[in-house]
2 protein chains.
Amino acid sequence: MLSLTEENYLKAIYHLSNDGTKGVTTNMLADQLSMRAASVTDMIKKLATKDVISYEKYKGVNITPAGKKIALYIIRKHRLWEVFLVDKLKFQWDEVHDIAEQLEHIKSELLIKRLDEFLDYPSVDPHGDPIPDEHGELAVAKKLQIAECLPGQLMQVIAVDNSDAQFLKHLDRIGIYLGAKVKVLETVEFDGSVEIEIDRRPSVYISKQTAENILVTEK
Amino acid sequence: MLSLTEENYLKAIYHLSNDGTKGVTTNMLADQLSMRAASVTDMIKKLATKDVISYEKYKGVNITPAGKKIALYIIRKHRLWEVFLVDKLKFQWDEVHDIAEQLEHIKSELLIKRLDEFLDYPSVDPHGDPIPDEHGELAVAKKLQIAECLPGQLMQVIAVDNSDAQFLKHLDRIGIYLGAKVKVLETVEFDGSVEIEIDRRPSVYISKQTAENILVTEK
DNA sequence: AAATTAATTTAGATTTAACTAAAAATATTT
DNA sequence: AAATATTTTTAGTTAAATCTAAATTAATTT
């Protein structure tokens with residue numbers, strides 16, 4: 001059983017690992033947790049003895065499968081509580097983080113099972129981030145091109161399939177960025193262009209070619 | 001701002017104070033908290049410097065008005081969470097204590113405001129204990145004689161109005177004690193006697209005189 | 001490749017909240 | 001009221017989680 005502090009370190013390690021980095025450094029963690037490097041060194045030694053991370057002096061840490069499972073359960077709890085706060089208690093999505101940071105450490109498996117049921121098994125939190133399931137599995141978001149979406153669907157931009165500077169500049173101009181919420185309004189039969197609404201602003205048309213190069217996932 | 005540990009001490013002091021004791025002793029607290037007396041001495045010194053209790057060596061402690069307000073707010077949070085767990089998450093009333101012990105320490109005034117609203121401003125928790133209001137006021141339970149109750153009401157014994165040994169012995173024999181749950185079934189017109197059910201056991205009749213001397217409150 | 005800079009670890013200190021053992025104060029019994 | 005027992009406090013330790021300062025290792029520059 002991990003202490004609250006250990007849980008927070010593990011969560012930070014998980015998040016940093018997922019940002020592409022393999023081998024999370026002491027300084028990255030110190031930074032993320034607003035703590036001194038020396039304190040981090042102490043704690044990662046402790047976490048390593050608990051087999052939730054692997055650690056080699058001066059080489060940074062990597063999360064183990066056991067550690068990942070624990071981290072994902074904490075994230076599951078965090079995101080379920082965020083859904084509760086927004087859906088049931090009428091908080092704004094940007095007000096809930098600090099409260100969920102506290103609630104995620106409450107210990108009771110039954111509580112989380114019942115909360116999940118009460119919220120009708122949500123698959124994403126209010127920020128659009130996926131909620132790991134009971135077994136610590138993250139549903140892999142199905143990637144779709146905007147061109148493939150059905151009218152009416154609310155999607156979130158997760159990637160682009162083209163790194164051409166002209167293309168990226170175009171996206172920027174129409175207001176599309178990673179994480180933007182896009183509602184598909186209509187597909188034009190004639191030329192395959194698509195009418196979309198970005199972040200609830202007035203709708204715009206994008207060409208078929210553009211719509212094929214923006215990857216989204218169900219929100 | 002009190003630490004989680006300090007909050008737990010303060011709550012224990014509040015509860016012990018309310019059991020009639022004025023001057024909560026070190027050993028009572030050690031007992032209640034499953035802690036050694038020496039540890040308690042350390043902590044009460046600390047709480048005294050924070051002006052939430054008053055303390056004189058070897059004389060025990062008393063809660064201050066400031067301390068009482070904080071204790072009541074913790075109790076408010078505890079009881080609101082219990083209502084949430086039972087009413088919304090379908091827990092049994094006897095399963096919720098440990099979880100509420102954790103939830104009561106979550107820090108966010110807005111959260112508790114919203115939770116209160118979501119639960120439709122309950123006045124008692126699932127054990128029938130009153131929930132302090134935002135200002136730390138406990139609704140004073142209205143005392144009634146059993147003789148005055150309407151049939152169907154579920155009440156809880158809070159006092160007796162007679163300290164005659166014979167009377168108390170009679171109460172003991174029929175199974176009435178402070179805290180007992182009493183359901184009033186019927187009042188007999190003829191002689192004013194009352195049929196009641198005590199703690200869900202088979203019903204008994206008590207005389208008008210007995211019914212006038214047992215004070216209960218709405219459960 | 002030597003020198004310099006940056007990152008990391010070690011060593012030792014601090015704070016919080018616990019503990020044990022011994023001393024001191026208070027309460028109870030004879 | 002002395003003796004005994006109980007309660008409470010003091011003194012000194014321990015463990016967790018932090019810190020600073022110094023030492024060590026790794027990375028970068030010249």
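Bear in mind the structure is a predicted one, so any value in this text is a computation, not a measurement. Keep in mind that the numbers below use all heavy atoms, side chains included, and drop hydrogens, waters and symmetry copies. Residue numbers start from 1 in every chain, and the chains themselves are labelled A, B, ... in the order their sequence lines are given, proteins ahead of strands.
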Atom CD1 of B/I44 to atom P of D/dT7: distance rounded to whole Å?
15 Å

Counting side-chain heavy atoms from C-beta on, which of C/dA18, D/dT9, D/dT18 comes nearest to B/T26?
D/dT9

Among residues at least two apart in sequence or on other chains, which ones pass side-chain hydrogen bond (donor to acceptor under 3.5 Å, both in side chains) with B/K183?
none

For nucleotides 4-6 of chain C, tabulate all protein N/O to nucleotide N/O atom pairs closer than 3.5 Å, reporting atom names and distance.
none

Check each of A/I146, A/L144, A/V182 against A/I214 using the side chain to side chain contact (heavy atoms under 4.5 Å, CB included) test, and report the only one that passes.
A/I146

Starting from P on C/dT8, measure out to CE on A/M43 and report it in whole angstrom.
18 Å

Sequence neighbours left out, what passes side-chain hydrogen bond (donor to acceptor under 3.5 Å, both in side chains) with B/N213? Give chain and number order.
none

NZ of B/K45 versus C1' of C/dT16: gap in Å, rounded?
15 Å

Report yes if a side-chain nitrogen or oxygen of B/Y9 is closer than 4.0 Å to either non-bridging phosphate oxygen (OP1 or OP2) of C/dT16; otherwise report no.
no

Contacts of A/T210 that satisfy side-chain hydrogen bond (donor to acceptor under 3.5 Å, both in side chains) - sequence neighbours left out
A/S207

Show the atom names and distances, to 0.1 Å, of all donor-acceptor pairs under 3.5 Å that link a side chain in residues 66-76 of chain B to residues at least two apart or in another chain.
{"residue": "B/R76", "atom": "NH1", "partner": "B/P132", "partner atom": "O", "Å": "3.0"}
{"residue": "B/R76", "atom": "NH2", "partner": "B/D116", "partner atom": "OD2", "Å": "3.1"}

Quick one: ring pair (Phe, Tyr, Trp, His ring centres under 6.0 Å) partners of A/F84, sequence neighbours excluded?
A/W81, B/F84

Write down the distance between CG (B/L47) and C1' (C/dA18), rounded to a whole number of angstrom.
15 Å

Could you spell out the base pairing of DNA chain C as a dot-bracket line? Use Watson-Crick and G-U wobble contacts where both distances are under 3.5 Å, [ ] for crossing pairs, | for partners on a different strand.
||||||||||||||||||||||||||||||

Ion pair A/K50/A/E6, N-O distance below 4.0 Å:
yes

Length of the CD-P vector between B/E6 and C/dT16, whole Å
9 Å

Where along residues 51-58 of chain B does a heavy atom fall under 4.0 Å from DNA chain C?
B/Y58

Would you please name every residue forming a salt bridge (charged side-chain N to carboxylate O under 4.0 Å, His left out) with B/E109, sequence neighbours left out?
none

Below 4.0 angstrom from OP1 or OP2 of D/dT8, is there any side-chain N or O of B/K59?
no

Might you point out which heavy atoms bring A/G23 and A/N62 nearest each other, and give the distance in Å?
N-OD1, 3.0 Å

Can you list everything that forms a side-chain hydrogen bond (donor to acceptor under 3.5 Å, both in side chains) with B/K88? Sequence neighbours excluded, please.
none

Got a sec? Which of residues 29-39 of chain A come in under 4.0 Å of DNA chain D, heavy atoms?
A/M35, A/R36, A/A38, A/S39

Qualifying residues under ring pair (Phe, Tyr, Trp, His ring centres under 6.0 Å), relative to A/H97, sequence neighbours excluded
A/H78

Value rounded to 0.5 Å, distance of CG in A/L80 from OH in A/Y121
11.0 Å

If the threshold is 4.0 Å, N to carboxylate O, is there a salt bridge linking B/K11 and B/E104?
yes

Length of the line joining A/D42:CG and C/dT10:C1', which is rounded to integer Å:
9 Å

Out of C/dT10, D/dT8, C/dA18, which has the shortest distance to the side chain of A/T41?
C/dT10

